[in-house]
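Let me begin by presenting the structure, written as structure tokens, before commenting on it.
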Amino acid sequence: MQATAIAQPNIALIKYWGKRDVERNLPAVGSISITLCALYTEVNVELVADLPGDVLLVNGVENQPMLPRVSACLDRVLGEKRAFARVASDSNFPIAAGLASSASAFAAMTVAAAAAANLSYTSEALARLAGATSGSAARSLFGGYAELSNSGDTINVSSLCEPESWPLEVVVAITEPGPKPTSSTVAMELSRQTSPFYDRWVLQQEHDLDVARAAILKRDFAQLATIAEHNCLKMHSVMWASRPPMVFWNAATMRCLQTVRRLQGEGCNVFFTIDAGPQVKAVCLPAEVERVRLALANTPGVQKIMTSSLGSAARLVNAA
Ligand code: PMV
């Protein structure tokens, strides 16, 4: 009655920001992501008959604040009449810092919980279950390039392209490893309720998705770069114009953008994207990765650099 699964975080190139149904966690906009291979979360779920309640260990330390979300995720996968679980989640990167740790954690937890209870679900069904807890987690059920759609009555994810078919590299510049101040769920609702740009954001998303999807299908780096940067800056503009404003960037975030602009000016195939945190992800062609890594490592304020190729889908490691 225990199982361990691994999932990798994914980085959205066309962002999910806003919910059309908070209760069912349905996104207001579709999104397109790439799954990373060097970053991972490993989750062990053990179902224990005489446990008085669920227990969560994050990187070896008991964690109460995240427990209600974890219990709700287990209820969805196993049903509410279930044994309590001991859940251990270990990540090799900073958590809750805008590096999509909830995506990898809930994707791995969903796979591990289902296997611990000997339940078999399709990837699409697992994505729906994971996505009900964290929208972006649904995308980590797939490797390479994945699309989370905003249509239909449930969470819908599909694979756009396998990682080997277009092997891009990602350089992550960590400018602040501490936790971010606002959760994505709270921040998205604040944007929907208060940002004057929110409706425009939702309206334009189909166009951005079409352009990005076409760029991926024809492996057009320049087209993907332009639309991904535009979509990222638009999402942050929605946040900046919310009340109270949500500015996740710091001075080093901005310096990293300048570094990417300089590299682009020198002909380097690279673009940036930033999620709900101050870290900068630079996406580039494999031949450019060392140049991009060095340039970002030498950017003042960058505390740590991680590089990653594209990764595969969440998967089971063992079950007994
Ligand atoms: O899935 P959540 O609730 O962690 O929200 C993800 C939000 C962003 O990372 C900013 C964008 C995205 O599409 O991943």
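Whatever order the structure lists them in is the order used to number ligands and atoms, beginning at 1. The analysis underlying the following values was restricted to heavy atoms, covering all of them including side chains, and did not include hydrogens, waters or symmetry mates. None of the values given here were measured: they were computed from a predicted structure.
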Task: Heavy-atom side-chain proximity of S312 to T35 below 4.5 angstrom - done: no

- [ ] State whether R291 and E266 are salt-bridged, where the test is any N-O pair (Lys NZ or Arg NE/NH1/NH2 against Asp/Glu carboxylate O) under 4.0 Å.
- [x] yes

Open item on the list: Students should find this: residues with any non-hydrogen atom under 4.0 Å from ligand 1. What is the answer?
Closed with: A12, K15, Y16, W17, S102, S134, G135, S136, R139, S184, M188, M235, D275, A276

Open item on the list: Checking side-chain contact (heavy atoms from CB on, under 4.5 Å) between T110 and each of V45, L74, T133, L129, which is the one that passes?
Closed with: L129

Open item on the list: Can you confirm whether R200 is buried at CZ, in the sense that more than 12 heavy atoms of other residues, nucleotides or ligands lie under 6.0 Å from that atom?
Closed with: no

Open item on the list: Could you report the tightest heavy-atom contact between Y40 and I6, atom names first, then the distance?
Closed with: CB-CG2, 4.2 Å

- [ ] Please check if the side chain of N25 supplies one atom and the backbone of G131 the other of a donor-acceptor pair under 3.5 Å.
- [x] yes

